Structures are given as structure tokens and as C-alpha cells.
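Owing to the predicted nature of the structure, the values given are computational and were not obtained by experimental measurement. Numbering of residues begins at 1 and proceeds along the displayed sequence.
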Amino acid sequence: MANAITMLGFLPTTQMTSFQLPNHTHSFPSPRCSLSPTPQSTKAFAVPRRKALSFMLSSYVLSEVGLALAKSPVFREYVDTFDGYSFKYPGNWIQVRGAGADIFFRDPFVLDENLSVELSSPSSSRYKSVEDLGPPQEAGKKVLKQYLTEFMSTRLGVRRESNILSTSSRVADDGKLYYQVEVNIKSYANNNELAVMPQDRVVRMEWDRRYLSVLGVENNQLYELRLQVPENVFSEEENDLRQVMDSFRVNKIDR
């Protein structure tokens with residue numbers, strides 16, 4: 001895909017980096033030839049109380065700032081000027097090419113945590129607004145149905161449990177309406193799908209994931225930002241994921 005893509009770094013790093021607290025090291029010259037200091041050398045080492053308190057306060061403030069920066073997530077922005085969309089993503093996520101989506105990023109450590117963007121064909125779709133999908137609740141049903149279709153398996157004994165967790169709409173700062181959909185899908189499978197006796201076919205859960213989608217319409221196309229995350233890490237990653245969702249924008253392009 002010949003995309004003209006601009007990637008703008010909010011910070012100059014390409015990977016998430018942890019901020020180190022300032023390391024204050026202070027040394028003072030000592031007398032050259034005296035084991036017991038003279039009154040003059042003792043005076044040289046004396047630190048006024050106000051200066052000492054000021055130094056301690058400064059060190060504390062710098063330490064607190066360092067801790068705040070270390071806890072702050074670092075995001076980068078992806079801008080696709082050819083297809084007309086943009087979003088922010090965690091700075092340590094990596095792009096994966098050939099994943100089938102228009103764009104695909106994933107966490108380098110939690111491989112089941114990723115994001116992608118899907119868009120309808122410009123030649124066969126004539127969307128005017130995301131409301132063409134119906135209200136958010138109806139859009140949520142369509143999103144879930146699409147996920148289940150994609151995850152359809154031909155393996156014996158595989159079943160999926162799904163649930164729509166929430167649907168909502170919002171008008172972003174670009175004045176456009178977006179839908180947000182959250183669903184949970186669990187996958188179960190037999191540990192021995194070819195076993196003849198039922199007792200030899202033990203059902204186990206393969207995975208439990210949350211899927212978050214943001215839907216928007218521009219250029220007569222439907223755009224969908226998708227986020228996938230394992231349920232057992234969702235609460236830890238929720239704040240960052242919601243920032244990614246809120247950053248998604250669809251942009252007018254000239255063809």
C-alpha cells in the first residue's frame with residue numbers, strides 16, 4: 001500500500017524509556033594535612049541552615065517530578081495522510097507489517113495486546129455519518145458479529161462466549177461524531193478434540209480478551225480503530241488504552 005505516512009514523535013525516543021531521578025553528588029575539598037580540622041577549616045565545611053533546608057527541598061521537588069515523569073505514559077502519533085486518519089499509540093509499541101489491516105501495532109511484550117485500523121472500500125461504500133450504522137447499541141451488535149465471524153473456527157469442540165460490555169457516542173474536538181464499542185470474547189476448546197469418550201474431552205479456556213472499537217465516518221468511508229487486550233491485564237492498561245481511543249480522528253482527504 002503506497003501510503004504517504006508521517007510519524008511524529010511526541011518525544012524523541014522510539015521506545016518507552018524510564019526516567020531516572022536526578023543523582024545529586026556533592027563533594028567538598030578537604031584540608032590537605034590535618035586530621036583534626038582547625039577552626040578555619042571547620043568554618044569552611046559549615047553549611048547555613050537555610051541553605052541546607054533549601055537544598056533538601058529542591059532535592060525533594062526534583063525527585064517528585066522525576067517520579068511523575070516516570071509514571072507518565074509516552075505516546076507517539078501515527079498520521080496517515082493518504083487514507084485520512086490519525087491516532088496516538090504507546091511509544092514502545094512496534095509496527096507489524098503484513099498483518100492484513102491497514103495499519104497494525106502491538107505491544108512487544110504482551111503479544112495479545114495490539115491495535116489496528118480497518119476502513120471500508122472507497123469505491124463501494126457511501127457512508128455519510130457513523131449514524132448510518134444506527135444507534136450505538138445497533139453498531140455494537142454489528143461490531144460483535146464481525147469479530148465472531150473473523151474468529152470462526154473449523155476445529156472440533158471450539159466454542160465462543162461473547163458479551164457487549166458498553167456502547168457510547170461522543171463528539172470529538174474535530175466536531176465529528178464517533179461511536180465507541182467494548183466487547184468481551186472468550187474462547188473454549190477441548191484438550192483432545194478427537195477423543196471418543198466424553199470424559200477424555202476436557203473443555204478449557206484458550207483465551208479471554210477485551211476488544212475496544214472506535215468508529216468514525218469521513219470521505220464516504222467507515223473507519224474502525226480496534227484495540228485488543230487480554231482481560232487479565234485490562235485494568236492495568238485501561239488508562240493508556242482509553243487515551244488511544246480518544247485520540248482517534250478521521251480526516252478529510254482530496255483524491
Side-chain angles (χ1 to χ4, degrees), residues 1-20 65-120 122 127 129-130 143 168-182 210-230 233-255:
M1 179 184 62
N3 287 19
I5 297 172
T6 305
M7 300 185 68
L8 304 176
F10 280 84
L11 293 177
T13 57
T14 57
Q15 293 188 343
M16 181 84 74
T17 57
S18 59
F19 293 85
Q20 295 184 352
V65 171
L67 286 173
L69 290 174
K71 293 179 180 178
S72 300
V74 179
F75 288 92
R76 301 187 68 192
E77 184 174 32
Y78 181 92
V79 180
D80 189 326
T81 57
F82 182 81
D83 288 312
Y85 64 86
S86 64
F87 59 86
K88 297 176 185 177
Y89 65 95
N92 67 329
W93 284 25
I94 59 175
Q95 182 177 352
V96 179
R97 302 184 185 277
D102 195 68
I103 190 67
F104 189 96
F105 286 90
R106 68 170 175 81
D107 188 303
F109 305 106
V110 183
L111 302 185
D112 272 353
E113 189 173 1
N114 56 62
L115 72 82
S116 61
V117 173
E118 304 279 353
L119 52 152
S120 61
Y127 290 95
S129 167
V130 72
V143 167
S168 61
S169 63
R170 66 179 178 88
V171 176
D173 56 8
D174 58 359
K176 298 169 185 173
L177 181 66
Y178 295 86
Y179 284 175
Q180 294 187 348
V181 178
E182 295 185 35
R210 184 170 300 208
Y211 295 89
L212 307 98
S213 292
V214 183
L215 305 165
V217 168
E218 188 57 273
N219 308 305
N220 297 324
Q221 293 176 266
L222 175 65
Y223 295 76
E224 181 182 7
L225 172 74
R226 293 179 166 190
L227 286 161
Q228 171 186 297
V229 57
V233 300
F234 174 73
S235 60
E236 180 183 348
E237 302 289 336
E238 180 177 4
N239 185 58
D240 289 358
L241 296 176
R242 297 211 182 278
Q243 290 190 58
V244 174
M245 295 175 70
D246 292 342
S247 72
F248 185 57
R249 298 290 183 272
V250 293
N251 308 311
K252 187 70 176 177
I253 57 175
D254 297 322
R255 295 195 183 276

Taking the side chain as every heavy atom from C-beta outward, state whether [X] and [Y] have any pair of such atoms under 4.5 Å apart.
X	Y	answer
Tyr78	Tyr89	yes
Pro230	Val110	yes
Pro122	Asn220	no
Leu227	Val214	no
Ser86	Glu77	yes
Asp107	Pro90	no
Leu212	Gln228	no
Leu241	Phe234	yes

How long is the gap from [atom1] on [X] to [atom2] on [Y], to the nearest 0.5 Å?
X	Y	atom1	atom2	answer
Ile103	Tyr85	CD1	OH	5.5 Å
Leu177	Leu215	CG	CG	10.0 Å
Arg170	Tyr179	CZ	OH	13.0 Å
Asp246	Leu225	CG	CG	10.5 Å

Taking [Y]'s backbone N and O only, do any of them form a donor-acceptor pair with [X]'s side chain (distance below 3.5 Å, no angle check)?
X	Y	answer
Asp174	Arg249	no
Gln95	Phe105	no
Lys252	Glu218	no
Ser247	Lys88	yes

Which residues share a ring-ring contact (aromatic ring centres under 6.0 Å, His included) with Tyr178, sequence neighbours left out:
none

Mind checking ring-ring contact (aromatic ring centres under 6.0 Å, His included) for Tyr127 and listing every partner two or more places apart, or none if nothing turns up?
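For Tyr127, no residue satisfies ring-ring contact (aromatic ring centres under 6.0 Å, His included) once neighbours in sequence are set aside.
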
Go through the steps to decide whether Ile253 and Asp83 satisfy the test side chain to side chain contact (heavy atoms under 4.5 Å, CB included), and finish with yes or no.
CA-CA 7 Å; Ile253 57 175; Asp83 288 312; 5.6 Å; no

Do the side chains of Asp112 and Arg106 get close enough for a salt bridge, i.e. N-O under 4.0 angstrom?
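Answer for the salt bridge query: no.
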
Among Val250, Val130, Asp102, Asp80, the one residue meeting side chain to side chain contact (heavy atoms under 4.5 Å, CB included) with Tyr223:
Val250

Within the 3.5 Å criterion, strictly below it, is a donor on Ser213 or Glu224 matched to an acceptor on the partner's side chain?
yes

Using 30° and 60° as the class limits, which term best fits the ring planes of Phe87 and Phe248: parallel, tilted or perpendicular?
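Tilted, since the angle between the ring planes falls between 30° and 60°.
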
Listed by chain and number, what are the side chain to side chain donor-acceptor pair (under 3.5 Å) partners of Arg242, not counting sequence neighbours?
Glu182, Glu238

Verdict with supporting geometry, Phe104 and Val117, side chain to side chain contact (heavy atoms under 4.5 Å, CB included):
CA-CA 7 Å; Phe104 189 96; Val117 173; over 6 Å; no

